[in-house]
Amino acid sequence: MTHTIIWFRKGLRLCDNPALLAAAVRATQLWPIFILDPWFVNPARVGHNRMLFLLDSLRDLDVQLRRLGSRLFVLRGQPQEVLEERFDTWQIGRLCFERDTEPYARDRDSRVSAYAQGRGIDVISPTAHTLFDPDLTIAAGGHAPATYSAFLRVLKKLGDPARPLDAPRDLPPPGECDPEAHGIPTLGELGYDVTDDRQPVHQGGETAGRERLNAYLSNQGRVASFAKPATDPTAFDPPSTTALGPHLKFGCLSARTFYHGVQDVYKEAGTHTEPPVSLLAQILWREFFYTLGYATPNYDRMEGNPLSRQIPWDDNPEYLTAWSEARTGYPWIDAAMSQLATEGWLHHLTRHCVACFLTRGDLWQSWEKGQAVFDRLLVDQDWSLNASNWMWLSASAFFHAYHRVYGPVSFAKKYDPEGRFVRHYLPVVARLPKEFIYEPWKAPLSVQRSTGCVIGRDYPGPIVEHEKVKTHNIERMRLAFEAARNTEVSRSTVLG
DNA sequence: TTAGAGTTGGCCCC
DNA sequence: GGGGCCAACTCTAA
């Protein structure tokens with residue numbers, strides 16, 4: 001006879017959910033709960049697209065739980081306080097939740113677990129957000145992997161991850177709780193501005209996630225020939241990649257479901273592309289970055305982060321604001337930032353372009369500032385992946401060919417010479433002829449006037465002269481690399 | 001100690 | 001669209 005709480009945070013699914021399965025075993029009453037933590041329910045930290053995706057996901061979870069005779073209870077407040085109260089009022093004997101390796105979650109969960117165990121409550125917290133337990137991955141390599149290739153070698157030792165677990169067939173009855181007070185709120189009830197009535201582009205929930213995965217996997221040729229660098233960043237209807245990031249972030253879809261879904265198509269197809277560019281490799285990149293985020297102190301900062309090169313970035317709030325508000329005067333960059341603001345999603349290579357532009361390429365602002373903007377706006381915001389990619393693009397870690405700079409004009413032109421993408425996401429440039437679409441300041445004034453895109457009135461001139469700052473920044477980066485090497489030499493001299 | 005490899009640049013030339 | 005050049009870093013295996 002055990003009163004049990006299954007505490008959903010990520011892992012918003014019934015399939016491949018070991019915490020849920022453990023909670024269902026011999027429970028007399030089961031409370032499936034989600035706690036709206038004020039830390040996250042904050043428009044300055046979690047943008048409205050991601051919050052909408054979360055609410056979608058909670059609704060889907062509730063519907064699925066109800067089919068099994070249960071339901072979801074949505075509670076509000078600081079999680080530890082909420083749980084401590086419920087442990088008492090519900091006479092809880094067991095607490096189950098999926099393990100979360102991000103710093104905020106680790107701190108929160110260790111305090112909750114310590115309190116619960118002190119009260120004699122069983123705590124069950126299996127790993128299911130990643131393919132493997134990161135402790136096992138690190139142990140198998142002897143230390144955290146330094147490169148993706150080294151990581152792949154470790155994975156070879158570990159073999160395939162377990163196949164995903166089935167969803168439970170039935171669930172214990174839900175515990176008693178005032179049903180009216182614990183429904184799923186609307187965005188407005190959470191204090192978000194809802195005057196913007198655009199429909200979200202990314203539909204949350206396990207049901208939508210599985211449909212999206214299955215639709216993608218149904219095209220065997222596309223799966224088998226997938227090569228990430230060859231996908232088109234300017235494609236938007238539909239995008240050229242799976243766009244399953246949001247579902248993986250919230251765990252509407254498990255990493256193992258994705259992994260084995262792709263593997264099964266590979267078996268049918270015979271030949272297929274290989275890491276690092278293949279579709280399967282994408283879930284392995286996620287795993288690699290999760291492992292490093294788990295193993296590395298201060299992973300989301302430059303200072304105190306042993307993986308991040310120490311670079312003397314400028315601090316120019318006007319540059320940062322212009323970049324984040326799509327006012328750099330470079331249509332490709334501004335259209336991308338507009339897509340980020342309105343939809344909360346960007347193609348991977350588009351993220352590269354705007355990240356390179358903000359950091360080492362053009363504006364020379366710290367990657368941490370770009371990371372913060374992405375953290376707020378991305379529907380698929382993921383702590384480990386976001387920090388990793390910002391370090392990558394700013395040449396702070398992983399990537400060292402700093403003289404390779406994305407051109408804010410040349411890059412997009414290569415994929416989209418007509419400018420379909422920028423016309424869609426940046427209407428102010430929509431009527432410009434294609435020869436000026438990526439460089440509107442070069443259009444004669446008569447053309448600017450007739451197309452309603454007068455520079456300085458309708459749209460800003462370029463915030464920096466790319467060719468000039470690029471050369472200067474490559475030199476600054478060369479000096480930063482040199483300084484880092486010298487620090488390394490003096491350190492090893494001191495240490496003998 | 002050294003050679004080779006590393007997810008995804010731009011530009012010029014053919 | 002494919003190849004070489006630009007100017008050149010870091011990690012790993014041998």
Side-chain angles (χ1 to χ4, degrees), chain A residues 141-157 225-235 239-242 245 262 272-289 292 296 306-311 330 332-333 336 346-357 359-362 385 388-417 438-439 465-489 491-492:
Chain A
H143 48 82
T147 62
Y148 187 64
S149 326
F151 175 71
L152 292 179
R153 282 192 293 275
V154 172
L155 286 196
K156 271 221 164 96
K157 283 194 213 170
S225 65
F226 185 93
K228 188 65 166 279
T231 57
D232 179 359
T234 65
S240 58
T241 52
T242 68
V262 174
H272 56 81
T273 50
E274 294 287 346
V277 300
S278 62
L279 187 57
L280 191 72
Q282 304 311 307
I283 202 73
L284 305 181
W285 277 104
R286 175 182 184 271
E287 191 81 5
F288 173 53
F289 288 144
L292 288 178
T296 312
L307 286 188
S308 177
R309 183 166 289 102
Q310 305 296 303
I311 294 169
Y330 284 96
W332 165 236
I333 301 298
L346 297 175
H347 183 279
H348 191 60
L349 290 178
T350 311
R351 301 183 196 204
H352 280 210
C353 288
V354 299
C356 183
F357 190 88
T359 58
R360 67 184 171 87
D362 296 81
L385 276 50
S388 304
N389 282 303
W390 275 97
M391 282 191 268
W392 188 297
L393 266 300
S394 61
S396 298
F398 311 115
F399 175 83
H400 317 289
Y402 56 79
H403 46 276
R404 293 187 184 178
V405 174
Y406 290 90
V409 172
S410 57
F411 186 82
K413 204 182 252 181
K414 190 170 61 184
Y415 293 92
D416 185 8
Y438 293 111
E439 301 165 284
E465 205 179 314
H466 173 71
E467 293 308 325
K468 227 181 225 173
V469 296
K470 175 182 112 172
T471 309
H472 178 53
N473 289 344
I474 288 175
E475 175 60 13
R476 286 211 263 190
M477 198 52 93
R478 191 185 66 73
L479 293 171
F481 271 63
E482 196 174 87
R485 266 196 310 276
N486 292 338
T487 308
E488 203 49 49
V489 167
R491 189 182 297 152
S492 51

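In what follows, chains carry the letters A, B, and so on, assigned in the order in which the sequence lines appear, proteins first and then strands, with residues in each chain numbered from 1.
- Using modelled atom types, no side-chain atom of A:Thr350 and backbone atom of A:Leu346 make a donor-acceptor pair closer than 3.5 Å.
- Taking the side chain as every heavy atom from C-beta outward, A:Phe398 and A:Thr147 never approach each other to under 4.5 Å.
- Note: CZ (A:Phe398) to P (B:dG6) measures 17 Å, nearest angstrom.
- A:Lys228 has its NZ atom 9 Å from the C1' atom of B:dT7, to the nearest Å.
- Between A:Met477 and A:Glu482, every side-chain heavy-atom pair lies at or beyond the 4.5 Å cut-off.
- In this structure, a donor-acceptor pair under 3.5 Å is present between the side chains of A:His347 and A:Thr231.
- Comparing the P positions of B:dT7 and C:dA13 gives a spacing of 14 Å, expressed to the nearest Å.
- Within the nucleic acid shown, A:Thr231 has no heavy atom closer than 4.0 Å to any nucleic acid atom.
- Taking atom CZ of residue A:Phe399 and atom P of nucleotide B:dA5, one finds them 18 Å apart after rounding to whole Å.
- Summarising the geometry, the separation between NZ on A:Lys414 and P on B:dC12 is reported as 14 Å, rounded to the nearest angstrom.
- Within the 4.5 Å cutoff, the side chain of A:Arg351 has no heavy atoms near those of the A:Asn389 side chain.
- Using a 4.5 Å heavy-atom threshold, the side chains of A:Val262 and A:Ile283 count as separate.
- Ion pairing between a basic and an acidic side chain is recognised when a charged N comes within 4.0 Å of a carboxylate O; A:Glu439 and A:Lys413 show such pairing.
- Atoms CH2 (A:Trp392) and P (B:dG6) sit 12 Å apart, rounded to a whole Å.
- Nucleotides B:dG6 and C:dC6 place their P atoms 23 Å apart, quoted to the nearest Å.
- If you check the side chains of A:Tyr330 and A:His466, you find no donor sitting under 3.5 Å from an acceptor.
- Under the 6.0 Å distance and 45° angle rule, A:Arg360 does not count as a cation-pi partner of A:Tyr402.
- Going from the P atom of B:dA5 to that of C:dG4 covers 15 Å, rounded to whole Å.
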Worksheet item: Tell me, what's DNA chain B's dot-bracket, Watson-Crick or G-U with both distances under 3.5 Å, | for other-strand, [ ] crossing?
Response: ||||||..||||||
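- Screening A:Phe411, A:Phe357, A:Tyr406 for a side-chain contact (heavy atoms from CB on, under 4.5 Å) with A:Trp332, the sole residue that qualifies is A:Phe411.
- Remark: the separation of the P atoms in B:dT1 and C:dA8 is 24 Å, to the nearest Å.
- Rounded to a whole Å, the CG atom of A:Leu393 is 12 Å from the C1' atom of B:dG9.
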Discussion item. How would you summarise protein contacts on nucleotides 6-14 of chain C per nucleotide, using B for base, S for sugar-phosphate only and - for none, with heavy-atom distances below 4.0 Å?
Written reply: -BSBSSSS-
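- Side-chain atoms of A:Tyr406 lie closest to B:dG10 of the nucleotides B:dT7, B:dC11, B:dG10.
- With rounding to whole Å, A:Tyr438 atom OH is found 16 Å from B:dG10 atom C1'.
- Rounded to a whole Å, the NE2 atom of A:His347 is 18 Å from the P atom of B:dT7.
- Residue-level contact check: A:Val277 touches the bases, meaning some heavy atom is under 4.0 Å from a base atom.
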